[in-house]
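Every number for a ligand or one of its atoms is a count from 1 in the order of the listing.
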Amino acid sequence: MTLVPQIDGERLLGRLDAFARIGETPAGGVNRQAFSVEDRSARRLLAELALARGFSVFQDGMANLFIRREGSDATLPPLLIGSHLDSQPTGGRFDGALGTLSAFEALEALEDAQAETHMPIEVVAWVNEEGSRFAPGVMGSMAFTGADTEAWKSLVGSDGACLAGELEATIAALPEAAPRPVGMPISGYIELHIEQGPSLEKEQLPIGVVTAVQGTRWLEVSIQGSAGHAGTTGLAYRRDPMVAAAAAMHALQATIMPLDTSARLTVGRIAAQPGSINAIPQSVTFTVDLRHPQPERLDAIEAEVRRVCGAEAKAQDCTVTIRRSFDMPGAAFSPAMISIVEAAVGSLHLPHKRMVSGAFHDALFIARVAPAAMIFVPCRDGLSHNEAEYVEPADAVTGARVLLQAAIAAASAH
Ligand code: GLV
Ligand code: MN
Ligand code: MN
């Protein structure tokens, strides 16, 4: 008798709880930033669970983690399913973990049923998706798809740690994982993720079939003025980069998003040097995260950011330098893989809609080398990158069921 592979909802929810305890914050979120001790613990737990089930575990030179279940034809490249285990500094329990643990649950469901797939299936936990400790994000999938990683070797993180050392320590912390070169042929990729926005919840839809991801650009704006005494330097003598930064941020927030409802502009980090209470700063540096579905609008918005920052710096007799630290053009997913996901949703009779992702994901890069698609589930109030991020247990399990059906179909394609 052949068993039908079934998601074990209790097991999946228990795993989500167990992983949420690694790096848990007092406010109920997680702080499990890339390459940290907490990130290493989560990777270890996943590897131990995998080895206990008899799966093979690999990691590549970028610390991407792979868990393999063989198919009937070992010569075929594997189908990859997964997401990431790292989090924002005040992140939620589901961003990344849901997709990674649901993928592992799908692999276990196949194993429980002794079901045979044509292709091997590998669960992947991409490294440093978030990019908050070490920018840019999606490092693991970028490296996997052939990005030049040379410049990352000298990267210093937001906490002063060096990427090279942290990467080496992360790999060394998991000697049970067999080493693998970075990048390999794959048959396809499917990623389950929370929407991180409000639309599915608002429309009471349990599933979003993601057809594309909008583009992202990260800028680092550094305004240089002249350090001076807070008490003795009169207005006429000041070259204050903080005044220029505040004016630029105000002008940009007052125009970019109000004039274009598809645009997103976020200043998430600002630092003043030397950062002394009673000194006019020598320089102020802030980040700008820009998103837009249309590449030409992203170009135009970046040009506007440059113009405004230049003008406001000049008005304070300061100078400005702007560095583009990340450029991730948006992309559409493979129609074939979207159809496989849609068929899985249909076979489970689930209401759904097609949608474009506002957040970036590893699937965006993987789509450059193989057919890829994503499945979204709703999250409460659309909250994400927030410790209060929450997914209804039933929605998490539904997402995993769709992932399992889609993976079975994709891994059986001849
Ligand atoms: C992903 O974490 C994003 O910022 O879109
Ligand atoms: Mn994520
Ligand atoms: Mn995220």
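Among the atoms of His84, none of the N, O or S atoms falls under 2.8 Å from the Mn ion (ligand 3).
Using a 4.0 Å cutoff on heavy atoms, Arg291 counts as a contact of ligand 1. The shortest separation from a heavy atom of His385 to ligand 1 is under 4.0 Å, placing the residue in contact. Under a 4.0 Å heavy-atom criterion, Glu129 is in contact with ligand 1.
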Quick one, Trp126 with Phe365, criterion ring-ring contact (aromatic ring centres under 6.0 Å, His included). Give me CA distance, side-chain angles, the key distance, then yes/no.
CA-CA 11 Å; Trp126 300 112; Phe365 273 87; over 10 Å; no
When you look at His361 and Phe376, which way does the ring-ring contact (aromatic ring centres under 6.0 Å, His included) test go after all the steps?
CA-CA 12 Å; His361 297 283; Phe376 275 177; 5.7 Å; yes
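Atom CD of Gln88 sits about 12.5 Å away from atom CZ of Arg32, to the nearest 0.5 Å.
If you look at Glu130 next to ligand 1, the close heavy atoms, those under 4.0 Å, all belong to the side chain.
Below 4.0 Å from some heavy atom of Ala359 lie the following atoms of ligand 1, by number and element: 5 (O).
Annotation: Phe326 is in aromatic contact with Phe360 [ring centroid separation under 6.0 Å].
Counted by atom type alone, Asp362 and Ser141 present one or more donor-acceptor pairs between their side chains at under 3.5 Å.
Geometry at the Mn ion (ligand 3): OD2/Asp95 and OE2/Glu130 form an angle of 80°, nearest 10 degrees.
The minimum heavy-atom distance between Arg133 and Ala161, with the atom names listed, is NH2-CB, 3.3 Å.
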